[in-house]
Amino acid sequence: TLAQAKQFDTNDVLAQLRLAGETHATGPAKRAASLLGGSETFTAQAVDVPALAMARGIGNDSIDHEIYLIAVGRMARTTLKIATVALEKNAPRLSAQEQATGWASVALAASMTLSPDAYGYWRRSSGAPLSLDQLQWKTRTALRQGDWKMVKDTIEAMPAPLRADPAWTYWLGRAMLAESPANTEKAHALFSRIADINSFYGQLSMEELGMPLSIPPSGAALASFEIAPMAANPGLRRALKFFDLRLRFEGTREWNWELRKFGERDLIAAAEFARQNNILDRMVNTSERTRTEFDYTQRYPSPHNEILQPTTQSLGLDRAWVYGLIRQESRFITDARSGVGASGLMQVMPSTGAYVAKKIGLTDFVHTMLTDLRTNILLGANYMNMVLANADGSQPLASAAYNAGPGRARTWRATLNGPMEGAIFAESIPYAETRTYVKNVLANATTYAALFERKPQSLKARLGVIAPAGAQVNQLP
């Protein structure tokens, strides 16, 4: 419709065609190609069966070239070598921009597998129009390579909304500092934009400004008359009833709907009411909505410490890291169950529970025991200890292993040619879920450490440096 109304020109439709190919969206790719005078059949083959489309050849006109380049990009997702050979072979028949576009597609696929060749492919893509994913993965590849100029140039080429994301705000500041000490004031202005956000990049920005994480003071203690209206609130009472009936989705919606009309003290009071009723996920969520008054014991609770602390002490585990992981895994919902079958506070998979139980001599283990709080903590903490040992004590690497599996974490570590800053390693984890998970767990852990130790904490120190695996590494299945 936009094309027919002349609001999209040829370049706009080409961008949609490339994006559809990149995201494996066959229908939109066919429609975009048709608007440009291309073959819908050829386009569908390029997206779904790239080998067949590549075997048909590059074609004679520009739209045929574009469809062929989609096939090259799709092939790169499975067989990088075939894609690069085909692109090299057909380079004489492609314009400079078409070649750059092809290399950008290959570079994206290579980046998402942490291929050492990705950086070279990105350099060959100069001048290509890049999608949002391509811009972000080009930046991550430049970070891994230590090419701060490419980091800066690529972030500055991002659309303003993406450039404002805390991740790219932080890394642009770092790139400016790497470029020249004269950029310190500009870099610090970027860090200041996100330093008040208690998140991964907010904490890192605070450190760049010379302010390690400290817990802000709580406001005045709540009085009983402030909590009483929450107990009488019809919406919150309905939410409690839903939670009692194990209808968590309905209860959460009812609870959140009621919060719309609350001020800061009301939110703190509602969070405390949630704590009194042992609905800790709502306590955390409600307390995190405040902007001027804070209670970090609500935002970062430490329940079941009488079970968890002896377990972590006996294993020599960092209690702050364990609580940071639990907060991310289950938000302290003891009967939480994921779509893939992970259970309980620490979201232990049945197969993992059986493996750990065997290792620690828990001979009577059955899968239903994962819902028992003590057993769940025992197995989860022991598994954390195992993946930590396997990661040579690196909490970011061990957190990645806990979420994505030790095998994938080993694969990502094997791509390292030398020591890598922990924040760069975390940002370049190929799986978006695990990338977010690791950043949240480590930021949580840093906050818990500040609460427990009552002194400023460094997320950078906790992230450390990720080193390549040694020749002798104890491997988990």
Side-chain angles (χ1 to χ4, degrees), residues 9-25 28-29 32-33 35-39 42-142 144-145 147 149-151 153-159:
D9 61 18
T10 298
N11 287 330
D12 294 321
V13 180
L14 273 173
Q16 294 299 312
L17 174 61
R18 293 170 186 146
L19 187 60
E22 182 182 305
T23 56
H24 200 181
L35 285 169
L36 295 166
S39 164
F42 186 22
T43 304
Q45 288 176 346
V47 176
D48 297 328
V49 196
L52 182 59
M54 291 169 67
R56 289 182 54 173
I58 194 170
N60 298 315
D61 56 26
S62 60
I63 182 58
D64 285 345
H65 291 183
E66 288 288 348
I67 296 170
Y68 182 82
L69 291 175
I70 287 175
V72 169
R74 296 307 309 171
M75 176 59 71
R77 300 294 182 103
T78 54
T79 313
L80 198 58
K81 183 66 174 176
I82 293 176
T84 57
V85 168
L87 197 51
E88 293 277 17
K89 178 182 176 182
N90 288 288
R93 299 180 60 188
L94 296 168
S95 70
Q97 171 120 346
E98 287 170 343
Q99 289 182 49
T101 299
W103 286 116
S105 294
V106 169
L108 176 63
S111 298
M112 295 172 73
T113 61
L114 305 182
S115 166
D117 298 322
Y119 178 70
Y121 299 148
W122 283 121
R123 291 183 66 85
R124 299 182 72 171
S125 74
S126 178
L130 302 182
S131 69
L132 300 185
D133 265 358
Q134 287 174 324
L135 285 164
Q136 293 180 92
W137 275 107
K138 184 177 181 180
T139 307
R140 293 179 183 122
T141 302
R144 290 175 67 88
Q145 191 68 25
D147 186 342
K149 184 179 185 306
M150 184 184 282
V151 171
D153 291 347
T154 309
I155 295 175
E156 288 180 337
M158 293 176 178

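For this chain, numbers begin at 1 and follow the sequence in order.
Counting all heavy atoms, side chain and backbone alike, Q97 lies closest to G127 at OE1-O, 3.6 Å. Smallest separation of non-hydrogen atoms from A29 and L17: O-CD1, 3.4 Å. In plain terms, the two heavy atoms of A33 and I67 that are nearest each other are CB-CD1, 4.3 Å. Between E98 and S95 the shortest heavy-atom distance is OE1-N, 2.9 Å. The two atoms that bring V106 and A83 nearest to each other are CG2-CB, 4.4 Å, heavy atoms only. When every heavy atom of L35 is checked against every heavy atom of V13, the shortest pair comes out as CB-CG1, 4.2 Å.
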Q45 and R56: CA distance, side-chain angles, deciding distance, side chain to side chain donor-acceptor pair (under 3.5 Å) verdict: CA-CA 10 Å; Q45 288 176 346; R56 289 182 54 173; 3.1 Å; yes
Would you please test D153 and M150 for side-chain contact (heavy atoms from CB on, under 4.5 Å) and show each step? CA-CA 5 Å; D153 291 347; M150 184 184 282; 5.8 Å; no
Test W137 against W122 for side-chain contact (heavy atoms from CB on, under 4.5 Å), laying out the working first. CA-CA 10 Å; W137 275 107; W122 283 121; 4.3 Å; yes
Could you check L87 against L69 for side-chain contact (heavy atoms from CB on, under 4.5 Å), going step by step and ending with a plain yes or no? CA-CA 8 Å; L87 197 51; L69 291 175; 3.8 Å; yes
Between R144 and S111, does the side-chain contact (heavy atoms from CB on, under 4.5 Å) criterion hold? Intermediate values first, please. CA-CA 10 Å; R144 290 175 67 88; S111 298; over 6 Å; no
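No side-chain donor-acceptor contact under 3.5 Å links S125 to the backbone of A128. Side chain of T113 to main chain of A110: a donor-acceptor pair is present (N/O by atom type, distance under 3.5 Å, no hydrogens or angles). Checked by atom type and distance alone, the side chain of N90 never pairs as donor or acceptor with a backbone atom of R93 at under 3.5 Å. A donor-acceptor contact shorter than 3.5 Å links the side chain of Q99 to the backbone of L94. Judged by distance alone, with hydrogens and angles left aside, the side-chain atoms of Q134 form a donor-acceptor pair with the main-chain N or O of S131 at under 3.5 Å. No donor-acceptor distance shorter than 3.5 angstrom exists from the side chain of T79 to the backbone of I82, with no hydrogens or angles considered. Between the side chain of S126 and the backbone N or O of R123 there is no donor-acceptor pair closer than 3.5 Å.
For the atom pair CD of Q136 and CG of L130, the computed distance is 11.5 Å after rounding to the nearest 0.5 Å. With rounding to the nearest 0.5 angstrom, the CG atom of L36 is 8.0 Å from the OG atom of S62. In this structure, CE on M112 lies 9.0 Å from CZ on R140, to the nearest 0.5 angstrom.
Residues S105 and R18 fail the side-chain proximity criterion, which asks for heavy atoms closer than 4.5 Å. By the 4.5 Å heavy-atom criterion applied to side chains, I70 and E66 are not counted as neighbours. Within the 4.5 Å cutoff, no side-chain heavy atoms of L19 are placed close to those of L132. Between T141 and Y121 the shortest side-chain heavy-atom distance does not fall below 4.5 Å. For the pair P129 and T101, the minimum side-chain heavy-atom distance is below 4.5 Å. At a threshold of 4.5 Å between non-hydrogen side-chain atoms, the residues S115 and L80 count as touching.
If you check the side chains of H65 and N60, you find no donor sitting under 3.5 Å from an acceptor.
The pair E22-R77 does not count as a salt bridge, with every side-chain nitrogen at least 4.0 angstrom from each carboxylate oxygen.
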